[in-house]
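Take a look at the structure below.
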Amino acid sequence: MSIVVTGATGQLGRLAVEALLRRGVRPSEIVATGRDTDKIKDLADRGVVVRRADFADPDTLAAAFAGAEKLLLVSTTTVGERADNHRRAIDAARAAGVSLIAYTSAPKADSATMKLAIEHAATERHLRDSGVPFVILRNGWYLENYTDQLPVVLEHSTVAGSAGEGRVNAATRADYAEAAAVVLTTEGHAGSVYELGGDEAFTLTELAAAITAATGQEITYADLPVADFTGLLVGAGLPQGFAEVLADADLGLARGELFTDTGDLSRLLGRPTTTLAEAISAALAANTAR
Ligand SMILES: NC(=O)c1ccc[n+]([C@@H]2O[C@H](COP(=O)([O-])OP(=O)(O)OC[C@H]3O[C@@H](n4cnc5c(N)ncnc54)[C@H](OP(=O)(O)O)[C@@H]3O)[C@@H](O)[C@H]2O)c1
């Protein structure tokens with residue numbers, strides 16, 4: 001059996017490779033791919049097969065996917081190019097004779113109206129049309145989207161956003177990665193669409209309260225008009241287009257597009273998901289250790 005993981009040079013893909021290894025998949029049966037494979041030399045040192053795969057270059061995909069039985073297709077980062085990139089990857093996987101493609105999509109990708117969902121919806125359609133058995137892992141928001149912001153939140157005593165009192169079921173990358181590994185190493189998932197998210201839903205007001213509880217510092221949530229929040233993200237160094245997409249996702253959060261009560265993630269994991277409080281504590285400890 002050979003399982004190919006794309007985006008293994010990134011955070012989620014690497015965690016998925018680690019989760020596959022923990023679940024007993026032999027290193028020689030895992031093919032870790034990405035564009036900048038220097039980032040995963042350590043995986044090669046541990047016996048994982050490392051191959052270069054650039055979704056913009058189909059020749060690299062044919063070589064990277066050769067002999068693959070299953071593929072974890074981790075969505076790429078370049079908004080605007082993703083639908084074409086993912087289409088090329090799916091076509092290459094079909095040509096390689098892959099028996100299952102697990103694709104990391106976005107919450108409610110077929111009905112959500114946030115800009116981020118558009119390319120995921122297109123990819124899901126192409127996947128269904130490809131004829132290759134598939135699993136759609138509609139990964140919810142990462143808890144790290146919030147915990148990575150802790151230094152700036154603590155500096156300003158403010159969580160900023162445009163999410164109103166919408167609720168989000170965020171989960172750690174590690175939990176989503178482990179769920180992907182479960183799907184790739186157990187039977188009965190073909191054709192499934194999993195709406196994945198943390199067990200608890202929280203508002204950004206509740207996020208601010210959780211940070212207050214963990215630190216003793218009074219943190220409040222500032223709900224901003226979307227243009228102001230976009231400007232704040234640009235001021236923090238994000239490119240204009242990406243800032244607009246992120247701020248737009250907060251409007252989706254306000255509409256309930258990042259809320260899920262399926263319980264799919266904890267069911268796949270066979271345990272409760274990592275909580276917001278646990279993630280905040282871990283991030284604070286990591287920041288202190290630095
Ligand atoms: N649910 C959420 O909250 C959330 C948040 C952010 C992103 N996402 C999505 O989830 C994905 C994984 O998240 P992450 O945190 O692991 O992101 P990440 O650390 O930025 O990793 C992105 C990966 O995509 C690869 N990639 C980008 N363009 C590619 C291309 N043309 N061909 C092949 N590989 C390409 C990168 O490869 P190289 O590094 O080798 O170039 C990298 O391995 C993201 O790409 C994005 O689609 C979800």
Side-chain angles (χ1 to χ4, degrees), residues 4-19 31-41 43-44 50-65 71-93 102-109 112 114-124 136-149 161 163 168-180 194-198 233 238 242-243 245-246 248-250 252-253 257-260 265 273 279:
V4 175
V5 177
T6 73
T9 48
Q11 299 164 90
L12 183 73
R14 171 181 280 273
L15 287 166
V17 170
E18 298 287 359
V31 181
T33 75
R35 291 180 300 187
D36 182 2
T37 50
D38 281 352
K39 292 182 194 163
I40 48 174
K41 276 186 179 150
L43 292 177
V50 169
R51 294 180 187 155
R52 187 167 182 281
D54 182 348
F55 291 1
D57 180 355
D59 289 344
T60 65
L61 298 179
F65 296 172
L71 173 72
L72 175 60
L73 176 54
V74 173
S75 56
T76 60
T77 35
T78 38
V79 175
E81 298 168 14
R82 296 198 288 187
D84 285 343
N85 276 339
H86 299 160
R87 178 178 45 73
R88 281 187 281 267
I90 291 165
D91 291 350
Y103 170 64
T104 64
S105 187
K108 306 177 185 174
M114 67 172 81
K115 290 176 184 158
L116 266 178
I118 297 170
E119 291 175 296
H120 289 292
T123 302
E124 286 192 7
I136 295 176
L137 301 166
R138 288 185 177 159
N139 287 351
W141 230 216
Y142 297 151
L143 275 171
E144 288 88 343
N145 295 350
Y146 299 118
T147 55
D148 287 354
Q149 298 304 314
V168 56
N169 293 79
T172 60
R173 280 190 186 87
D175 281 356
Y176 293 120
E178 194 177 323
Y194 294 118
E195 291 282 353
L196 303 170
L233 294 173
L238 263 62
F242 191 48
V245 167
L246 276 190
D248 174 74
D250 256 21
L253 197 168
E257 294 179 3
L258 295 176
F259 172 84
T260 179
L265 183 55
T273 59

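Quick note: residue numbers are just sequence positions, from 1. Numbering of ligands and ligand atoms starts at 1, following listing order. Any value given below was found using the heavy atoms of this structure, including those in side chains, with hydrogens, waters and symmetry copies removed.
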Q) If we only count N/O pairs under 3.5 Å, is Phe55 in contact with ligand 1? A) yes
Q | Between OG1 on residue Thr104 and OH on residue Tyr194, distance to nearest 0.5 Å | A | 15.5 Å
Q. Counting only N and O atoms by type, is there a donor-acceptor contact under 3.5 Å from the side chain of Glu119 to the main-chain atoms of Gly80?
A. yes
(Q) For Thr6, state whether at least one heavy atom is located under 4.0 Å from any atom of ligand 1. (A) no
Q) Got the closest protein heavy atom to atom 39 (O) of ligand 1, with its distance? A) Lys39 NZ, 2.5 Å
**Q.** Straight-line distance of Leu137 CG to Leu72 CG, nearest 0.5 Å
**A.** 7.0 Å
Q) At what distance is the nearest protein heavy atom to atom 16 (O) of ligand 1, and which residue and atom is it? A) Leu12 N, 2.7 Å
Q) Looking at Asp36, which atoms of ligand 1 are within less than 4.0 Å of one of its heavy atoms? A) 40 (O)
Q | N or O contact, Gly140 vs ligand 1, cut-off under 3.5 Å | A | yes
(Q) Parallel, tilted or perpendicular: which one describes the rings of Phe55 and His86, with boundaries at 30° and 60°? (A) perpendicular
**Q.** Which residue and heavy atom of the protein sit nearest atom 7 (C) of ligand 1, plus the separation
**A.** Tyr142 CE1, 4.0 Å
Q | Contact (N/O only, under 3.5 Å) between Gln11 and ligand 1 | A | yes
Q) Any N/O of Ala56 closer than 3.5 Å to an N/O of ligand 1? A) no
Q) Side chain or backbone of Val74 under 4.0 Å from ligand 1, or both, or neither, by non-hydrogen atoms? A) side chain
(Q) Between ligand 1 and Arg82, is the shortest N or O to N or O distance under 3.5 Å? (A) yes
**Q.** Option whose closest heavy atom lies nearest to atom 28 (N) of ligand 1, chosen from Arg14, Glu81, Arg35, Arg52
**A.** Arg35
Q) For atom 47 (O) of ligand 1, which candidate among Ser75, Ser105, Pro107 holds the nearest heavy atom? A) Ser75
Q | Heavy-atom pair with the smallest gap, counting every atom of Ala16 and Val5 | A | CB-CG1, 4.5 Å
Q.
Can you tell me how far apart CZ (Phe65) and CZ (Arg51) are? Round to the nearest 0.5 Å.
A. 10.0 Å
Q) When you look for heavy atoms under 4.0 Å from ligand 1, do you find them on the side chain of Asn145, its backbone, both, or neither? A) side chain
Q: Give yes or no for whether the N/O distance cutoff of 3.5 Å, strictly under, is met between Gly7 and ligand 1.
A: yes
**Q.** Name of the residue among Val31, Val4, Ile90 meeting side chain to side chain contact (heavy atoms under 4.5 Å, CB included) with Leu71
**A.** Val4
Q. Under 4.0 Å from ligand 1, counting heavy atoms only, is it the side chain of Ala106, its backbone, both or neither?
A. neither
Q) Of all the non-hydrogen atoms in the protein, which one sits nearest to atom 31 (N) of ligand 1, and at what distance? A) Asp54 OD1, 3.3 Å
(Q) Starting from atom 36 (C) of ligand 1, what is the nearest protein heavy atom, named by residue and atom, and what distance separates them? (A) Thr9 OG1, 3.9 Å
Q) Atoms of ligand 1 less than 4.0 Å from Asn85 heavy atoms? A) 31 (N)
Q | Shortest non-hydrogen contact between Ala83 and Ala122, atoms and distance | A | CB-CB, 4.1 Å
**Q.** Protein contact to atom 15 (O) of ligand 1 [nearest heavy atom, distance to 0.1 Å]
**A.** Arg173 NE, 2.7 Å
Q. Quick one: does Arg82's side chain have a donor or acceptor within less than 3.5 Å of a partner on Thr76's backbone?
A. yes
Q: Take Leu265 and Asn169 through the test side chain to side chain contact (heavy atoms under 4.5 Å, CB included) and record every step on the way to the result.
A: CA-CA 10 Å; Leu265 183 55; Asn169 293 79; over 6 Å; no
Q) Given Gly34, Ala53, Gly10, Ala64, which has its nearest heavy atom closest to atom 33 (C) of ligand 1? A) Ala53
Q.
Within this structure, what is the CZ-CD1 distance for the pair Arg52 and Ile40, rounded to the nearest 0.5 Å?
A. 11.5 Å
Q) Is the closest basic N to carboxylate O distance between Arg87 and Asp84 below 4.0 Å? A) yes
Q.
Could you identify the single nearest non-hydrogen protein atom to atom 22 (C) of ligand 1 and state the distance to 0.1 Å?
A. Thr77 CG2, 3.7 Å
Q | Minimum heavy-atom distance Val74-Gly7, with the two atoms named | A | CB-CA, 4.4 Å
**Q.** Nearest non-hydrogen partners of Tyr176 and Ala170, listed with the distance
**A.** OH-C, 4.2 Å
Q) Can you tell which part of Thr76 has a heavy atom less than 4.0 Å from ligand 1: side chain, backbone, both or neither? A) both
